[in-house]
A.B. asks: 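What follows is a structure written as structure tokens; I'll ask about it next.
Numbering of residues begins at 1 and proceeds along the displayed sequence. Start at 1 and go down the list; that is how both ligands and their atoms are numbered.
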Amino acid sequence: MRGFPDSPDYTGLNSPLREEYELQDLAIEGRVPGEVEGTFFRAVPDPAFPPFREDGGAVLSGDGMISALRIGGGKASFAIRYVQTERHVAEVAAGRALFGKYRNPFTDKPEARGLDRTVANTTPVWHAGRLLMAKEDGRPYRVDPLTLATIGRHDFGGKLKSETVTAHVRIDPQTGEMFLFGYEAAGLASTKVAYCVVDKHGHLIREQWFDAPYCSMMHDFAITEHYALFPVYPTTCDLARLQAGGDHWVHEMQLDSWLGVMPRYGDVGEMRWFRGPKGVSCYHMMNAFEDAHGRVQFDQCLSNVNAFPFIQRASGLNVAPGDLGGRLARWSIDLKTGADAVTETTIGPPGDLPVIPAASQGRPYTHGWMLTMNQGLQAPPVAGGPVGAMFNMLLRLDFTGKPPKGLALPPGQCFSEPVHVPSTAPGHEGWLLSIVDQQTGAEDFKHAVWIIDAGNLGAGPTARIAVPHRLRPQVHGWWVGAAELAAAQSARSRASFR
Ligand SMILES: [Fe+2]
């Protein structure tokens with residue numbers, strides 16, 4: 001790509017595409033289940049301009065694009081547009097990059113001073129009829145779910161005080177409330193964490209701040225029916241380092257990890273901190289719940305060190321992918337005792353990008369899915385994504401004692417994070433939708449959306465929808481059913497006629 005470095009962040013599957021487009025009447029192979037009707041939203045980082053300096057976190061700095069795969073009436077279409085963040089608008093106006101290293105404003109061009117740095121590229125969050133594009137370093141941007149046009153930065157009607165909202169929210173399946181948080185809530189390297197509750201109508205009804213044990217990359221969190229859980233892993237930020245032009249994140253193996261637990265409708269003063277192992281790292285939780293004995297169980301895709309190569313380099317670490325010690329780990333805590341540490345058990349293999357049915361959120365659950373590397377594949381994984389290697393196997397994990405089941409791809413193919421579509425049929429586990437990339441040459445790929453029976457992965461895809469255009473790897477996705485979209489649209493139409 002002209003002007004971009006010849007590095008893994010900008011070549012192969014990671015090649016910048018920088019194109020907004022729409023495709024109608026996609027070719028469908030197989031049968032799309034009738035209940036898979038709605039939109040698969042995806043957040044895709046894609047740098048609009050070549051960087052003006054080296055940046056190890058470049059894949060994470062890509063300008064956010066919102067993509068929509070729409071399925072209904074036996075047809076499918078695809079669209080993708082840039083989120084018009086303040087940063088993107090400023091760079092388009094300048095015709096070049098203005099922002100420097102990943103999450104370090106001290107490396108920016110003077111023209112970028114004071115501008116919102118977020119690229120809104122991590123998760124499309126759907127709640128209360130609104131679509132938000134979120135990234136943990138800023139406030140989310142609201143996007144029109146039909147046109148994908150950017151509406152503007154979303155601060156819950158001026159109520160939000162935190163400077164940040166993470167890309168991982170939790171929505172209670174019974175109350176419809178959205179629980180969210182933001183770290184570095186008071187600015188760069190701040191230990192302040194904002195914890196917020198948004199009611200089912202989208203109103204921010206509570207925001208409280210607390211101090212984390214240290215400033216940490218708190219990418220995700222979890223809720224149970226009665227508690228909110230805040231994990232802290234020792235990937236840390238330091239203001240003096242940023243001011244010296246250094247990296248936002250360094251992983252510190254000697255530091256303890258922590259799990260903060262408080263009643264989810266309580267006061268942050270009630271937070272109890274439980275010590276976890278030193279040096280561990282995790283990006284995503286599968287779920288959390290209270291068991292029959294009242295203990296809190298917290299399930300996460302844990303590893304012994306931060307897996308991102310650019311963070312390892314900044315930390316003086318060099319751990320091979322096979323030595324990360326990845327596992328699906330359950331941390332158990334008993335709030336009735338005076339214990340001040342978590343108890344860990346391994347409940348699954350290495351992997352990431354966990355998915356559960358929305359109805360299982362925060363509740364005891366029997367199964368979930370995640371992506372992993374097929375250890376039996378006699379070929380390297382497809383290079384790409386922020387870590388540099390794409391997952392090539394989809395797993396169904398069973399927590400009732402049954403063994404995991406998987407769907408392995410052939411060499412040269414990879415999965416992106418699936419979304420789950422519930423089924424209305426009794427006993428049916430629903431459907432998983434995932435983009436599958438197939439490498440056909442050094443810079444050549446084919447892409448399709450696979451629709452898979454979530455309870456029968458071994459059967460392979462029920463349907464494949466071809467996307468006849470190069471795609472860049474997504475980060476996270478979100479499924480919104482057709483009825484929900486239609487209800488949101490009619491509510492907006494009514495509001496506009498008032
Ligand atoms: Fe994430």
A.B. asks: Identify, with sequence neighbours excluded, every residue that meets side chain to side chain donor-acceptor pair (under 3.5 Å) alongside Glu177.
C.D. replies: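 Once residues adjacent in sequence are excluded, the partners of Glu177 under the side chain to side chain donor-acceptor pair (under 3.5 Å) criterion are Thr175, Tyr265.
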A.B. asks: If we check salt bridge (charged side-chain N to carboxylate O under 4.0 Å, His left out) with Asp247, which of these qualifies: Arg313, Lys101, Arg103?
C.D. replies: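 The option that passes is Lys101.
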A.B. asks: Once side chain to side chain donor-acceptor pair (under 3.5 Å) is applied, what residue pairs with a partner in residues 412-422 remain, sequence neighbours excluded?
C.D. replies: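 Counting only pairs at least two positions apart or across chains, the side chain to side chain donor-acceptor pair (under 3.5 Å) contacts touching residues 412-422 are Glu417-His476.
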A.B. asks: For the Fe ion (ligand 1), check which protein N, O or S atoms are under 2.8 Å away and list them.
C.D. replies: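 You should have found His168 NE2, His219 NE2, His284 NE2, His476 NE2.
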A.B. asks: Would a line drawn from the ring center of Phe221 to the ring center of Phe230 be shorter than 6.0 Å?
C.D. replies: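 Yes, the ring centres sit under 6.0 Å apart.
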A.B. asks: Yes or no on side-chain contact (heavy atoms from CB on, under 4.5 Å) for Tyr141 and Leu132, after CA distance, side-chain angles and deciding distance?
C.D. replies: CA-CA 5 Å; Tyr141 277 75; Leu132 304 175; over 6 Å; no
A.B. asks: Which pairs would a plain distance check flag for residues 342-349, meaning a side-chain donor or acceptor within less than 3.5 Å of a matching protein atom at least two apart in sequence or in another chain?
C.D. replies:
residue, atom, partner, partner atom, Å
Glu344, OE1, Trp331, NE1, 3.0
Glu344, OE2, Arg327, NE, 2.9
Glu344, OE2, Arg327, NH2, 3.0

